[in-house]
Amino acid sequence: MLENLDLDMWMDQAEWDAVSGELKKKLGVLQQRARALKIPTVIVFEGWGASGKGDKLSRLITNLDPRGFSVHSITAPSTDERRYPWMKRFWEKLPTYGDIALFDRSWYREVSVAREDEALSRRELNHRYDEIVDFEHQITDDGYVLVKFFFHITKKEQKKRFKALEEKKATRWRVTKADWDHNEHYDDYLTAFDEMISRTDRHNAPWTVVAATDRRYATHKVFTTVIAALERAIEDRQSGIERPFTGIRVSDDIRTEPCARLCDVDLSRSVSEEEYRKELKNCQKRLSELHGRLYLEKIPLILAYEGWDAAGKGGNIKRIAQALDARGYEVVPVAAPSTVEKNHPHLWRFWNTLPKDGHVAIFDRTWYGRVLVEHIEGFCTDEQWGRAYDEINRFERGLADWGAIILKFWLHIDKDEQLRRFNDRQNTPEKRYKITDEDWRNREKWDAYEQAVDEMLLRTNTSFAPWFVIESNDKRYARLRTLHAVIDAIEKRL
């Protein structure tokens with residue numbers, strides 16, 4: 001692909017002077033229109049060292065309102081960043097709706113330069129490609145404009161530019177030993193770049209390969225490509241045509257496991273107070289030991305709690321947390337998204353709260369709000385709901401590939417038990433804060449929620465992130481069953 005590109009593309013100064021003023025003016029106007037329409041934009045600059053990535057990025061942003069963009073220069077991940085899923089640092093840098101993020105190198109560093117420098121295995125490389133495609137699908141489905149540039153020059157041209165940089169004291173620092181090594185092994189990196197482009201050139205995220213021998217031609221290509229992408233997005237948004245609902249998205253490469261429907265769950269199971277106290281002590285002792293081993297092995301643990309209002313999530317989480325070292329876990333309470341969170345993709349806020357390797361994150365409600373309360377209460381579109389199952393499965397698969405143990409609990413009670421607990425909260429002053437008008441409203445939609453939960457269990461019960469329906473009419477039984485599930489999963493991994 002890259003070998004066949006015509007690199008003898010030129011634009012003389014007079015040609016550039018004739019069009020540059022209009023292009024710069026148009027770019028500034030389009031930025032403001034996109035901002036008013038809340039259209040977010042991500043622009044990626046990839047390519048050879050000394051191919052002009054930084055120069056073209058700089059020329060582009062001088063024509064933008066600085067209050068509406070951010071620039072991210074991506075280098076090798078830090079020691080701390082390596083303790084999280086490798087895509088986390090890129091999710092965190094996504095711009096809010098209406099803003100622009102420009103990346104001088106990006107997530108593609110991890111499948112191109114890093115591929116050769118770190119000698120990645122084919123298995124790890126394939127995992128990274130899968131996650132890149134998933135990531136780009138999710139953000140473009142969410143309305144992001146994604147523009148990807150690859151700046152291409154020959155081995156001879158790169159060598160000439162390195163030498164020119166080294167001749168000047170002010171720019172000598174920009175050429176490193178690694179740069180010369182890349183030039184020496186140009187053909188190996190060319191193969192890596194070719195695969196990178198061919199595997200990730202998609203209709204929603206196409207590559208623009210720029211012949212970068214001539215700086216004016218390359219600059220013109222960048223300006224016209226970004227302008228065209230913004231114009232298309234603005235036209236689509238102003239047309240008022242929403243993404244059509246085409247049904248629930250299903251991917252053939254992710255298999256789900258059978259899971260019982262809520263109506264078939266036996267809620268009569270219980271345990272005596274004496275047996276509960278004895279078993280609770282034993283389970284917590286064992287979990288405490290296992291937490292230490294998780295830390296030493298650097299295995300992350302993610303526990304995701306969903307369930308009916310008043311099903312006992314708080315008490316259940318408390319019994320898990322009591323067994324853990326306070327320095328190695330965090331309980332993440334999930335409420336309605338904030339204004340900032342609403343101006344990012346649905347999963348963005350959950351990427352920001354993932355645990356380090358060896359640590360535990362306990363989510364009190366989760367990313368499944370998209371297919372439960374948001375869907376039923378109309379806080380998301382049918383199209384967003386329809387693709388959420390697949391996005392969630394891919395999110396969880398990426399975490400599992402990273403090495404995380406993921407367990408998901410639905411705490412299940414019947415309608416009569418919920419009413420009893422609601423009345424108890426209403427009539428007990430110290431518990432009254434736990435009951436809200438929203439709880440009563442949700443109860444009126446019990447059947448709709450039950451149907452949504454059954455759909456969720458059916459679509460997202462996977463071997464790498466299984467669901468456990470926890471019988472919770474007896475809170476003591478529920479706590480023990482959850483503890484046993486966590487212990488069994490950790491022991492199996494270790």
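Any value given below was found using the heavy atoms of this structure, including those in side chains, with hydrogens, waters and symmetry copies removed. Worth saying up front: this structure is predicted, and the values here are computed from it rather than measured.
- Taking every heavy atom of both residues into account, Thr79 and Arg83 meet most closely at O-CG, 3.5 Å.
- No side-chain N or O of Asn316 forms a donor-acceptor pair with one of Arg481 less than 3.5 Å apart.
- Inspection of the Tyr189 and Asp117 side chains reveals an N or O donor paired with an N or O acceptor under 3.5 Å.
- Taking a 6.0 Å sphere around CD of Glu235, one finds it holds 12 or fewer heavy atoms contributed by other residues, nucleotides or ligands.
- Partner Trp207 forms a ring pair (Phe, Tyr, Trp, His ring centres under 6.0 Å) with one of Phe149, Phe193, Phe45, Tyr108 and no other, that one being Tyr108.
- Checked by atom type and distance alone, the side chain of Asp414 never pairs as donor or acceptor with a backbone atom of Asn473 at under 3.5 Å.
- Each of Trp91, Phe135, Tyr129 was evaluated against Trp107; a single residue qualifies, Phe135, per the ring pair (Phe, Tyr, Trp, His ring centres under 6.0 Å) test.
- Between Asp253 and Arg394 there is a salt bridge, since a side-chain N of the basic residue sits under 4.0 Å from a carboxylate O of the acidic one.
- Of the possible donor and acceptor atoms, none in the side chain of Glu124 sits under 3.5 Å from a partner among the backbone N and O of Ser121.
- Within 6.0 Å of the CZ atom in Arg432, the count of heavy atoms belonging to other residues, nucleotides or ligands exceeds 12.
- Rounding to the nearest 0.5 angstrom, the gap separating the CD atom in Glu118 from the CG atom in Leu125 is 11.0 Å.
- Taking a cutoff of 4.0 Å between a charged side-chain nitrogen and a carboxylate oxygen, Glu274 and Lys278 do not qualify as a salt bridge.
- In summary, Asp309 and Arg365 engage in a salt bridge, as defined by a charged side-chain N under 4.0 Å from a carboxylate O.
- A salt bridge (Lys or Arg N to Asp or Glu O under 4.0 Å) with Glu110 holds for exactly one of Arg82, Arg89, Arg115; it is Arg89.
- A distance-only check finds a donor-acceptor pair linking the side chain of Arg105 to the backbone of Gly47 [under 3.5 Å].
- Electrostatic pairing of Glu275 and Arg476 does not count as a salt bridge here, judged by no charged N lying under 4.0 Å from a carboxylate O.
- Between Arg122 and Glu195 there is a salt bridge, with a side-chain nitrogen of the basic residue lying less than 4.0 Å from a carboxylate oxygen of the acidic one.
- At distances below 3.5 Å, not a single donor-acceptor pair connects side-chain atoms of Lys93 with backbone N or O atoms of Phe103.
- Considering Tyr305, Phe468, Trp308, Trp467 as possible partners of Trp410, the one that fulfils the ring pair (Phe, Tyr, Trp, His ring centres under 6.0 Å) test is Trp308.
- Ion pairing between Arg286 and Glu289 holds under the 4.0 Å rule for side-chain N and carboxylate O.
- Between Asp141 and Arg243 there is a salt bridge, with a side-chain nitrogen of the basic residue lying less than 4.0 Å from a carboxylate oxygen of the acidic one.
- Here the side chain of His344 pairs no donor or acceptor atom with the backbone of Arg349 at under 3.5 angstrom.
- Here Glu46 does not pair with Lys148 in a salt bridge; the nearest charged N to carboxylate O distance is not below 4.0 Å.
- A side-chain donor-acceptor contact under 3.5 Å links Trp367 and Glu396.
- By the 4.5 Å heavy-atom criterion applied to side chains, Val360 and Ile320 are not counted as neighbours.
- Judged by distance alone, the side chain of Tyr368 and the main-chain N or O of Val453 form no donor-acceptor pair under 3.5 Å.
- Counting non-hydrogen atoms of other residues, nucleotides and ligands closer than 6.0 Å to NZ of Lys415 gives a total above 12.
- Around atom CD of Gln451, no more than 12 heavy atoms belonging to other residues, nucleotides or ligands sit under 6.0 Å away.
- Dense packing is recorded around OH of Tyr97, with more than 12 heavy atoms of other residues, nucleotides or ligands lying under 6.0 Å away.
- A donor-acceptor contact closer than 3.5 angstrom is absent between the side chains of Asp80 and Ser78.
- In summary, Glu297 and Arg293 do not engage in a salt bridge, as defined by a charged side-chain N under 4.0 Å from a carboxylate O.
- Side-chain atoms of Gln284 never come within 3.5 Å of backbone atoms of Gln322 as a donor-acceptor pair (strictly under, hydrogens ignored).
- Taking the six-membered ring where the residue is Trp, the centroids of Trp402 and Tyr84 are separated by 6.0 Å or more.
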Between Arg441 and Glu444, is a salt bridge (Lys or Arg N to Asp or Glu O under 4.0 Å) present by the stated rule, with each step listed?
CA-CA 5 Å; Arg441 286 196 301 271; Glu444 293 174 2; over 6 Å; no
Stepwise, does the side chain to side chain contact (heavy atoms under 4.5 Å, CB included) test hold for Arg199 with Asn126?
CA-CA 10 Å; Arg199 290 188 65 167; Asn126 288 335; 2.9 Å; yes
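- Lys408 places a side-chain N or O within 3.5 Å of a backbone atom of Ala465 that can act as its donor or acceptor partner.
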